[in-house]
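What follows is one structure encoded as structure tokens, with my remarks underneath.
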Number of protein chains: 4
Amino acid sequence: MTATNPIKDAVTQARQRQILEAAVTVFAEKGYHRATIKDIARTAGVADGTIYNYFKNKQDVMLNIVQQMAEVDQLMENVEQAVQILTPAQLLGMVFQNRLRMLKKNLPLTRAIFPQIITDPELNQIFFETILQPNFDKGVQVFQAYADRHQLGDTDPEIVVHGLFSVIFGTIMLAMLGDTVILNRSEAFGEQMTAIFLHGLHLDQTERDQ
Amino acid sequence: MTATNPIKDAVTQARQRQILEAAVTVFAEKGYHRATIKDIARTAGVADGTIYNYFKNKQDVMLNIVQQMAEVDQLMENVEQAVQILTPAQLLGMVFQNRLRMLKKNLPLTRAIFPQIITDPELNQIFFETILQPNFDKGVQVFQAYADRHQLGDTDPEIVVHGLFSVIFGTIMLAMLGDTVILNRSEAFGEQMTAIFLHGLHLDQTERDQ
Amino acid sequence: MTATNPIKDAVTQARQRQILEAAVTVFAEKGYHRATIKDIARTAGVADGTIYNYFKNKQDVMLNIVQQMAEVDQLMENVEQAVQILTPAQLLGMVFQNRLRMLKKNLPLTRAIFPQIITDPELNQIFFETILQPNFDKGVQVFQAYADRHQLGDTDPEIVVHGLFSVIFGTIMLAMLGDTVILNRSEAFGEQMTAIFLHGLHLDQTERDQ
Amino acid sequence: MTATNPIKDAVTQARQRQILEAAVTVFAEKGYHRATIKDIARTAGVADGTIYNYFKNKQDVMLNIVQQMAEVDQLMENVEQAVQILTPAQLLGMVFQNRLRMLKKNLPLTRAIFPQIITDPELNQIFFETILQPNFDKGVQVFQAYADRHQLGDTDPEIVVHGLFSVIFGTIMLAMLGDTVILNRSEAFGEQMTAIFLHGLHLDQTERDQ
DNA sequence: TATGAATGAGATTTCATTCAT
DNA sequence: CATGAATGAAATCTCATTCAT
């Protein structure tokens, strides 16, 4: 009876994607509040009511977008092995560049999503638990791994990681606030921030020592 | 006729303040969208319509709150002389600690304001022009002053300043996103970020050199 | 400040009445569900939103109609003295005739209200507490008074009262169900039911005895 | 072609019953309006659309429930011979007790059905013609039979019957309105109402006379 | 016949803004 | 200027019903 019908499941997923893509488009264009269900429906080429066959309500559409982001992020974040291969310089550089590239591509959507995540407690919780916290945890792991190999002095891994993430989210924030400098000079920005943190954390010297 | 009547002006300003204070309270409590004009009016002890004698519309109330923030910020930011007196370490430390203290006090209001600034183009522009850009400019000045006295190597003032600000706004962002680590360990965070940046920018060594 | 302004209060009450009257008209015509807020607003000559300045929601409009019924009923039900003056025959006769007359006048509204009272728990409770229970209580008092003066045998006041009320509400029910016999022959019905109950309760004989 | 295929008919009837039973369950639980076709379909274990192969629409489902009630009632109401066997006291007592028992069992369903019968003209008509009127007719027959054998004075059979039915429907109504007295003391209620009516109609005395 | 996804009309409700007093 | 009742546009969401598979 309730045996998973693969064909139907595929259709359902396709329809979900179709609606979510439309939602992403519309949210990016108008922001969460000015985007209406009608807009999304029209963009997706379905009737208003159809959306409610796939999502509980408008908030739930946004929530699914956020969760999707989390999944995409997950895939990219099996960086755990990277620690073994990459030097801190390479890793930091990669992370910064990576984020800056993402940001450039998705600024309008980012502008629509973050205000909502900040404003809506449920969204906030989902975002925190599925994206933020796991990344913090990985960050601490990575940093700890470096700390074990080099001498990082008395810097506290947790604080350093939150400091690094504050640079990343600060970049996002500044971009959302209309600051174009970082985006226009993203390569230089990435390189110099990498350099500052490496030297600031004595990771360049110790590197040389090894 | 429309000659500026100082008494009326004072009354008008007082009433404006009264409404803005109420708005700040209500926005902080409910966020921009869930806060109604009725809420603000009741909190301010005036009638709904009265608000429209002092502000064009709801958005304009928020806009005035942002502009007020700019003024408050201005006062505090005659740090220009500070460069003469304070070492980079002192200055950086002060700025970080200062911002973290502000953030702790005003998190709910911050949560209400930033989503709106990000979402609303007009608000965004005002914020950028009256707060962000001036602060960038000052930052570059300050950093330039240090650069003239010490050797900062090949670091680009503009990028470093945007980097520093990204830490500040990233902290705000993380706090709004529900990350409590930074707030709970704000002193350690401030100290370590100061240390990282000082060393990262070779400002500690050069200091000693002088 | 919040001192009751009699003029405003009067206007408010008038507007409330205006809306309630419109609601009564529309509910009577279409029933609760098919009556829309728009219908009521148009009939009352106000905008849709205005209704929400006076009532929390559609259900609340109905609730106020029921409560108004309770008040009207109250006024009429200072029958307590009646016991002193009227014989049981006169009292029973009056009650039956009275109810039948009311019913004839208000059948369409009755048809709209009772289904809702039965269906909606909140409405049900209000109706029960403000109308039904008080009437039961009065009924028992009255019946007790008669019992004290005459010999009623072993009949239980509570049961007799609920029995009498079941005749009244049964009449309402039959009328709502489309039975026109009772309404068409209401006088004969009232008289005969009075006679049956009087004799059935031995109230006619004891009367003669006195 | 459209010749009645007995097998198909049986299957069809079974499916109908299955859906109607589900509908009864759901209506009893949620009431007519809050019960959705989806609810009924799920409860019946069929698809939404299937319901429309057996019933014209949602209203028609309810209509069939009412008609089914009529059939059930019919079976029970071959009381015609009963008149020959039972004394008026026994008959009245049986009817009252019977109805009270039914009521106790089916209060939730009753609560769902009657509001709809009252509200919906088509349902109303069906109910009246298939249930109410036939019962009135039978009642008059029965009462006439007793009248022929005893002296009932000047009481009009039609009025007395409607009076008796008003007690029955009044009991239903009071129960739906939340009055629990009758249900809690149903036996005493039945007995006393029987006694009142018997004596009120001089049926007890005449009985003894015979 | 069975399915159940798609439909879209329609209803409730909110709330920024206006304006007569 | 202050008031606050009235406005009505606009948005979300529900759900009976249809129809292609």
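A note on names: the letters A, B, ... follow the listed sequences, proteins ahead of strands, and every chain is numbered from 1.
Protein atom NZ of K38(C) is 15 Å distant from nucleotide atom P of dA9(E), rounded to whole Å. In this structure, CG of D48(C) is placed 13 Å from C1' of dG10(E), rounded to the nearest angstrom. For K30(A) and dA11(F), the NZ to C1' distance is 12 Å, given to the nearest whole Å. Between the P atom of dG10(E) and the NZ atom of K58(C) lies a distance of 15 Å, rounded to the nearest Å. One can place OH of Y52(C) at 5 Å from C1' of dT12(E), the figure rounded to the nearest angstrom. We find that CD of Q16(D) is positioned 11 Å from P of dA2(E), with the value rounded to whole Å. Taking atom OH on Y54(D) and atom C1' on dT17(F), their separation rounds to 18 Å, with Å as the unit. A straight line from CZ of R42(C) to C1' of dA11(E) spans 13 Å, rounded to a whole angstrom.
Judged purely by atom type and a 3.5 angstrom limit, N124(B) has no side-chain atom pairing as donor or acceptor with the backbone of P121(B).
Residue N57(B) has its side chain nearest to dT17(E) when only dC1(F), dA6(E), dT17(E) are considered. Distance from the side chain of A47(C) is smallest to dT7(F) among dC1(F), dT7(F), dT12(F).
In this structure, V46(C) reaches the sugar-phosphate backbone alone: every heavy-atom distance under 4.0 Å involves primed, P, OP1 or OP2 atoms, never a base. Using a 4.0 Å heavy-atom criterion, one finds that F55(D) contacts no nucleic acid atom at all. A35(D) comes within contact range of the sugar-phosphate backbone alone, with a heavy-atom separation under 4.0 Å but no base atom that close. Within 4.0 Å of I37(B), counting heavy atoms only, lies at least one base atom of the nucleic acid. Backbone-only engagement by T36(B) is indicated by non-hydrogen atom pairs under 4.0 Å involving sugar-phosphate atoms exclusively.
Close to dA2(F), at under 4.0 Å from its OP1 or OP2, lies a side-chain N or O of N53(B). Phosphate contact (OP1/OP2 of dA6(E), side-chain N/O of R15(A), threshold under 4.0 Å): present. Residue T50(A) has no polar side-chain atom (N or O) positioned under 4.0 Å from OP1 or OP2 of dA5(E). In this structure, T12(C) does not reach the dG4(F) phosphate: none of its side-chain N or O atoms is under 4.0 Å from OP1 or OP2.
Between L63(D) and D60(D) the shortest side-chain heavy-atom distance falls below 4.5 Å. Using a 4.5 Å cut-off on side-chain heavy atoms (C-beta onward), T119(A) and R111(B) make no contact. Counting heavy atoms from C-beta on, the side chains of F114(B) and T110(B) come closer than 4.5 Å. Between F55(C) and L20(C) there is a side-chain heavy-atom pair separated by less than 4.5 Å.
When Watson-Crick and G-U wobble pairs are counted only if both distances are under 3.5 Å, dG8(E) pairs with dC15(F). If you check dA10(F) for Watson-Crick or wobble pairing at under 3.5 angstrom, you find it paired to dT13(E).
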| request: Evaluate side chain to side chain donor-acceptor pair (under 3.5 Å) for T50(D) paired with N53(D), printing each intermediate quantity in order. | output: CA-CA 5 Å; T50(D) 304; N53(D) 289 332; 5.0 Å; no
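In this structure, G49(B) and Y32(A) both approach DNA chain F, and ranking their closest nucleotides by distance from the 5' end singles out G49(B). Heavy-atom nearest nucleotides on DNA chain E were determined for K56(B) and for V11(A), and the one closer to the 5' end corresponds to V11(A).
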